[in-house]
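All remarks here apply to the structure that follows.
For ligands, and for the atoms within them, numbers begin at 1 and follow the listed sequence. Side chains included, hydrogens not; waters and symmetry mates left out as well; all remaining heavy atoms used.
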Amino acid sequence: MKGTDNQILNVSILGSTGSIGTQALEVIDDLKGIKDIRVTALTGNSNVKLLEEQVRKYKPQTAAAADEKSAAELRLRLADTDTKVVSGEDGLIEAASADKTDMVLSAIVGFAGLVPTMHSIKCGKDIALANKETLVTAGSLFMNAVAENNVRLLPVDSEHCAIFQSMLGGKRAEVSKILLTASGGPFFGRSRGELKSVTKADALKHPNWTMGAKITIDSATLMNKGLEVLEARWLFDVDIEDIEVIVHRESIIHSMVEFCDRSIIAQMSLPSMKHPIQYAFTYPNRLPSPDKPVSFSDLAEMTFYKPDEETFRCLALAKKAGKTGGTMPAIMNAANEAAVAAFLSDKIGFLDIADIVENTMNTFEAKQNPTIEEIIETDREVRTQICQHC
Ligand code: NDP
């Protein structure tokens, strides 16, 4: 049976030129005739050509490029349109708080997403959250702002969308544990010795998901799962000890919730980020999707393993940062972002990523109950220090 939803949704897409952003625009196309979703703002960093194409197709009021030179070029290219082109962090903030916008899809990669997303919340916009680094680094401030401004927060990370859906199967007080699934990445089962010589090309080959470069490397080191533990801790207000990571190679179960009666509720679907994006756009309704259904009779098997936290230390380091709290998750995140950028520029090896994160966490002291300005300053200090060394 075909469903429809008559309510118009105005969305701003922060990071529209990225993997999540482009899939979000595909979801909007897929839903044509079923749900009317209008684009109020689009943002990118330096991919001017794609941003121009998107603006010409979706006709937003505002387009922002974080990079000033790219914005100047975009302004020239779009001179014949009605779209206002803005630049830099102020431009991202303007795009994030456009008057008409009902919902902001936060899909900028990394810490750069924090300030614009916080602005959206303060302007009362509902948030579809893909950018996990915002919650990791400023979880307490972020969740307080969500509550104070009474906005809806819909997780777009597939695991957190699965947990959100599974939570609907019981009451919050009845939850005993979250079972967070992980694909294990391209290097599942390898020893430290075998990881010494892996290349950037090897690390960018994810078995189940096609994603931006940074999250793909995070998946290979298992830092992505560490970030997701902290993301789940804030989104669902659970202790880190009550989040169990399980490697599930097939990525069919996107995560599960165990309730106090030992009943476990899971969300399953073939791996596609279009599912959580669509769910965020249509919640609380479900609308038809062109995604293929799971065929259980064609699935050879579903496997489950304990993660190897000794070889893939980033998972353990992220949990440790979460338990320390304060600015430590921001220290850990900045070290990871700087190390991943250095790895992607062929300046360091794969195993150096975890070493840099660990050394940085040992060097910097965490400050408890930080303000947003202190978190931003911590991020800057950590990056500056790491950039001096690699
Ligand atoms: P991509 O690298 O594909 O895209 C990132 C987007 O952010 C692009 O639009 C890019 O612009 C923009 N951007 C990059 N740097 C800046 C900056 N300094 N200031 C403003 N904008 C910037 O990332 P993904 O789409 O893969 O990931 C986005 C977020 O979603 C990440 O936080 C990731 O962890 C999360 N996520 C992603 C998933 C996925 O399947 N891809 C799954 C779950 C979560 P430009 O193109 O011009 O460089």
Revision key, fill the gap. To atom 36 (N) of ligand 1, the nearest of Asp218, Ile277, Ile215 on a heavy-atom basis is Ile215
Check your understanding: Any idea which of Leu50, Asn224, Val109 brings a heavy atom closest to atom 7 (O) of ligand 1?
Key -> Val109
Review point. Of all the atoms in ligand 1, which lie at a distance below 4.0 Å from a heavy atom belonging to Leu92?
Key: 20 (C)
Check your understanding: Does the side-chain contact (heavy atoms from CB on, under 4.5 Å) test come out yes or no for Val257 and Leu179, once each step is laid out?
Key -> CA-CA 6 Å; Val257 173; Leu179 299 150; over 6 Å; no
For ligand 1, find out whether one of its N or O atoms is nearer than 3.5 Å to an N or O atom of [X].
X	result
Gly21	no
Ser158	no
Asp157	no

**Study point:** Rounded distance [0.5 Å steps], CE in Met118 versus SG in Cys123
**Key:**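 Spacing of CE (Met118) from SG (Cys123) equals 12.0 Å.
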Point to revise | Nearest-contact summary for atom 18 (N) of ligand 1 - protein heavy atom, Å | key: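 Result for atom 18 (N) of ligand 1: Ala112 CB, 3.6 Å.
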**Study point:** Heavy atom of the protein closest to atom 13 (N) of ligand 1 (residue, atom name, distance)
**Key:**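 Scanning the protein heavy atoms, the shortest distance from atom 13 (N) of ligand 1 goes to Asn45 CB, 3.7 Å.
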Review point. Under 6.0 Å between ring centres, would you say that holds for Phe164 and Phe236?
Key: no
Check your understanding: Taking non-hydrogen atoms only, is Met273 closer than 4.0 angstrom to ligand 1 via side chain, backbone, both or neither?
Key ->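 Side chain only.
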Practice item. Assess Ala107 for proximity to ligand 1: is some non-hydrogen atom of it under 4.0 Å away? Key: yes
